[in-house]
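Take a look at the structure below.
When a residue number appears, it is its place in the shown sequence, counting from 1. Just follow the structure's listing: the first ligand is 1, and inside any ligand the first atom is 1.
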Amino acid sequence: MKKLILFIGTPLLLIIIAGAALYNTAGGQDFLIERLAKLGASQKAIDPEGLNVIVCGSASPLGNDPNRAQACIAVVTPEHFFLFDIGDRAPLRIAQGRLPVARLNGIFLTHFHSDHIAGVPSVNMNSWIQGRDSELKVYGPQGVETVVSGFNTAYQLDKTYRTAHHGADLLPAATAAMNPITLTPGVAFQDANIKITAFPVDHAPIDPAMGYRIDYKGRSVVISGDTVSTESLFIAAKGADLLLHDALSEPALAAVIAAIKASGNDRTAAIVSDVHDYHAHSTNLEAQSKKAGIKQLAFYHFVPVPTMPLIEKLFKRGISDDVILTKDLMTFQMLPNSEEIIVTEP
Ligand SMILES: [Zn+2]
Ligand SMILES: [Zn+2]
């Protein structure tokens with residue numbers, strides 16, 4: 001036994017000593033960083049086939065989980081890249097998912113709560129630096145021009161600094177800004193392969209608020225944005241392959257409110273209680289989804305954020321295992337001429 005330990009232990013010991021020498025000497029550190037930098041620089045943006053939906057943010061503002069960014073859904077095809085809302089922390093997920101920001105075609109906003117727009121200027125700037133060749137179009141309901149012109153103003157000096165520093169050939173000022181496009185319900189964007197349709201949702205008192213349906217080569221996804229369970233959405237989503245819907249867990253939210261009240265913070269308890277009636281309750285979606293012929297229902301924008309597996313169980317209460325609780329960087333791939341939805345966990 002002693003011999004065996006000696007036999008296994010000696011090479012392991014040598015590896016540990018060699019590793020420590022690499023990590024703790026200037027020459028070793030230079031060797032390691034050179035290789036790691038090469039590995040990082042060789043990573044290319046994803047370029048998948050078919051209609052791909054990537055969750056770049058699954059959280060609402062209620063609850064902090066570093067593993068969940070606020071609302072963000074990416075739609076990537078070989079010809080298109082669109083983002084639907086970009087909340088706080090979502091720019092990091094977009095980078096981690098190696099989404100192709102240099103060819104970002106546009107951002108669609110569902111409404112203008114901060115958890116849906118906070119990451120917009122950061123993604124715009126990164127896309128410009130990566131080589132986007134025109135102003136970025138930002139689509140949204142009435143009010144989008146106020147949001148976009150505010151971001152453009154806030155980033156005006158940053159743009160000037162970068163163009164002056166790197167030169168107008170690399171970073172032309174003319175392509176740095178965002179261009180707002182105000183939508184009304186109906187077809188918002190269409191080309192030979194893709195159609196994006198905006199429809200009204202019910203996030204009262206926030207009005208207007210929109211959801212979007214994306215159809216690509218016979219496959220489709222619907223993104224709810226923030227809404228209660230509403231008939232207009234299920235009419236728009238009829239027969240879709242995938243529905244990503246915001247979801248509120250009544251028992252989880254009730255526990256959060258009770259805990260805040262018990263701590264004596266009545267002000268915050270009152271604010272959180274107001275959230276009750278403007279998101280869809282998790283138990284109200286599956287039957288309607290089945291009735292509308294939707295093949296896969298998945299929840300995102302969790303209220304509250306499932307910061308522990310117990311809260312995920314509460315979201316699952318009263319619904320079947322067919323419903324997916326999304327995570328950041330979960331992907332759904334839908335190939336043309338297929339019925340299958342390939343779900344990849346992060
Ligand atoms: Zn909202
Ligand atoms: Zn929200």
*Would you say N24 has more than 12 foreign heavy atoms packed within less than 6.0 Å of its CG?*
yes

*Have a look at D115 and say which of its N, O or S atoms is nearest the Zn ion (ligand 2).*
OD2

*Do we see a donor-acceptor contact under 3.5 Å between the side chains of H279 and D246?*
yes

_If I consider every N, O or S atom in D226, which one ends up closest to the Zn ion (ligand 2)? I only need its name._
OD2

*Any N/O/S atom, backbone or side chain, of H116 lying under 2.8 Å from the Zn ion (ligand 1)?*
no

*Restricting to N/O/S, name the atom of H113 that gets closest to the Zn ion (ligand 1).*
ND1

*asked:* Is it the case that the side chains of S58 and D328 hold a donor-acceptor pair, with the cut-off being a distance below 3.5 Å and no angle test?
replied: yes

*Give a yes or no on whether H111 keeps an N, O or S atom under 2.8 Å from the Zn ion (ligand 1).*
yes

*Got a salt bridge between K290 and E286, using NZ or NE/NH1/NH2 to carboxylate O under 4.0 Å?*
yes

*Distance only, no hydrogens: is a donor on one side chain within 3.5 Å (strictly under) of an acceptor on the other, for H80 and D191?*
yes

*Considering only N, O or S atoms of H301, the one closest to the Zn ion (ligand 2)*: NE2

